[in-house]
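Attaching a single structure in structure tokens format; questions to follow.
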Amino acid sequence: MAIFDPSSAAPRSGQAPSADPGGLQAVLWDMDGTIVDTEPYWIQAEKDLVARHGGSWSTADAEALVGQALSFSAGVLQRAGVDLPIRDIIDHLTTAVQTRVAETAPWRPGARELLADLKAQGIPCAMVTMSEQPLAAEVVRQLPPGTFDLLVTGDMVQRGKPDPEAYQVAFDALGGASGSLTKDRVVAIEDSLPGATSAESAGLVTLAVPHMMALPTDRGWFQWSTLEHRSVADLNRLVHDHRPVPAEQAAR
């Protein structure tokens with residue numbers, strides 16, 4: 001698919017298809033750790049780069065960066081001894097991970113199946129990732145055409161996750177700006193604390209599917225242990241469960 005740039009696109013018009021008139025309208029997907037298990041690739045690339053510059057970098061150091069904007073992560077790597085500009089660090093890491101993904105895309109359980117179910121039922125999907133366009137495009141290339149209506153990548157926004165900007169951009173471009181989508185009917189799927197915080201702060205129905213690290217269970221998001229064997233019907237239930245019970249019903 002061609003990269004869809006939300007800054008130059010008109011918002012989608014009309015209501016997103018849904019078998020349930022009050023149900024799911026769209027799904028916004030994180031990529032790393034949610035669709036593909038690329039975090040080990042990122043961790044190894046970071047370790048190799050720091051070691052090349054004479055520093056030390058542990059798995060715990062790398063895990064602290066999961067879900068963060070690449071510019072933030074590059075700054076941390078500079079402080080760990082990598083004597084390169086931010087842009088060069090981002091380019092080096094992205095190229096290393098993209099090369100490995102092109103060889104073998106490590107799909108997360110249930111992600112492709114749920115994406116296929118959404119496509120079959122006409123539910124629009126966007127990828128909202130802090131990875132940059134080349135890596136996101138490589139992942140999309142290995143999925144069936146038309147899987148995603150929109151890509152919002154880290155190089156398209158000013159403020160990365162946990163800021164809500166990326167999710168707001170995706171929501172507006174898919175139809176939120178025109179009023180055809182409402183946030184209480186759009187689900188965002190995330191695996192990390194920065195990502196889930198970003199989606200929740202954007203006002204979306206947020207589904208956390210933890211991967212590398214456990215996430216808090218007392219926040220305003222739903223949590224599943226896996227996407228395996230999950231369907232559009234399950235996402236529809238989240239949308240309905242997210243809505244507060246009307247006062248007149250609660251009083252009965």
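This chain uses plain numbering: 1 for the first residue, then up along the sequence.
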TODO: Search all heavy atoms of Asn236 against all heavy atoms of Leu24 and return the closest pair with its distance.
DONE: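 Result for this residue pair: OD1-N, 2.6 Å.
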Open item on the list: How close do Met130 and Ala166 get, counting heavy atoms only, and between which atoms?
Closed with: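 Reported closest heavy-atom pair: CE-CB, 3.9 Å.
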TODO: Verify the neighbour count for atom CG of Asp83: are there more than 12 heavy atoms of other residues, nucleotides or ligands below 6.0 Å?
DONE: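 Count not over threshold, so no.
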Task: Donor on one side chain, acceptor on other, Ser58 and Lys47, under 3.5 Å - done: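 No.
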Task: Trp57: partners by side-chain hydrogen bond (donor to acceptor under 3.5 Å, both in side chains), with sequence neighbours left out - done: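 Here the qualifying residues are Glu46.
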Task: For His211, all residues meeting side-chain hydrogen bond (donor to acceptor under 3.5 Å, both in side chains), sequence neighbours excluded - done: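 Per chain and number, His211 pairs via side-chain hydrogen bond (donor to acceptor under 3.5 Å, both in side chains) with Asp37, Arg108.
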Open item on the list: Using a 3.5 Å distance criterion without hydrogens, assess whether the side chain of Gln78 forms a donor-acceptor pair with backbone atoms of Leu84.
Closed with: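 At least one qualifying donor-acceptor pair exists.
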Task: Under the salt bridge (Lys or Arg N to Asp or Glu O under 4.0 Å) test, residues paired with Asp32 that sit two or more places apart - done: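 For Asp32, no residue satisfies salt bridge (Lys or Arg N to Asp or Glu O under 4.0 Å) once neighbours in sequence are set aside.
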Task: For Ala233, all residues meeting side chain to side chain contact (heavy atoms under 4.5 Å, CB included), sequence neighbours excluded - done: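 For Ala233 the side chain to side chain contact (heavy atoms under 4.5 Å, CB included) partners, ignoring immediate neighbours, are Ser231, Arg237.
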- [ ] Would you mind checking if Arg141 and Glu138 are paired as a salt bridge, meaning a charged N to carboxylate O distance below 4.0 Å?
- [x]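 Arg141 and Glu138: salt-bridged.
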Open item on the list: Do Tyr41 and Gln98 pair up side chain to side chain, a donor and an acceptor below 3.5 Å, judged on atom types alone?
Closed with: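 No, no side-chain donor-acceptor pair sits under 3.5 Å.
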Open item on the list: Would Leu70 and Glu132 count as a side chain to side chain contact (heavy atoms under 4.5 Å, CB included) here? Give the steps.
Closed with: CA-CA 9 Å; Leu70 285 175; Glu132 295 192 346; 4.0 Å; yes
Open item on the list: Could you work out, with salt bridge (Lys or Arg N to Asp or Glu O under 4.0 Å) as the rule, every residue matching Asp117, not counting sequence neighbours?
Closed with: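 Asp117: no salt bridge (Lys or Arg N to Asp or Glu O under 4.0 Å) contacts found.
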Task: Partners passing side chain to side chain contact (heavy atoms under 4.5 Å, CB included) against Gln168 (at least two apart in sequence or in another chain) - done: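 Here the qualifying residues are Phe171, Asp172, Lys183.
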Open item on the list: Quick check: closest heavy atoms across Trp221 and Ala208, and the distance to 0.1 Å?
Closed with: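 Residues Trp221 and Ala208, closest heavy atoms: CD1-CB, 3.8 Å.
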TODO: Look at the side chain of Ser201 and the backbone N and O of Pro164, then say whether any donor-acceptor pair between them is shorter than 3.5 Å.
DONE: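 No, because the side chain of Ser201 does not come within donor-acceptor range (under 3.5 Å) of the backbone of Pro164.
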Open item on the list: Which heavy atom of Ala136 sits nearest to which heavy atom of Thr153, and what is that distance?
Closed with: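 Of all heavy-atom pairs spanning Ala136 and Thr153, the closest is CB-CG2, 3.7 Å.
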Task: Donor-acceptor contact below 3.5 Å, side chain Gln142 vs main chain Val101 - done: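 Looks like yes, one N/O pair under 3.5 Å.
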TODO: Indicate yes or no for a side-chain donor-acceptor contact from Thr206 to the backbone of Leu204 under 3.5 Å, with no hydrogens or angles considered.
DONE: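 Present.
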TODO: State whether Asp91 and Arg87 are salt-bridged, where the test is any N-O pair (Lys NZ or Arg NE/NH1/NH2 against Asp/Glu carboxylate O) under 4.0 Å.
DONE: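 Yes, Asp91 and Arg87 are salt-bridged.
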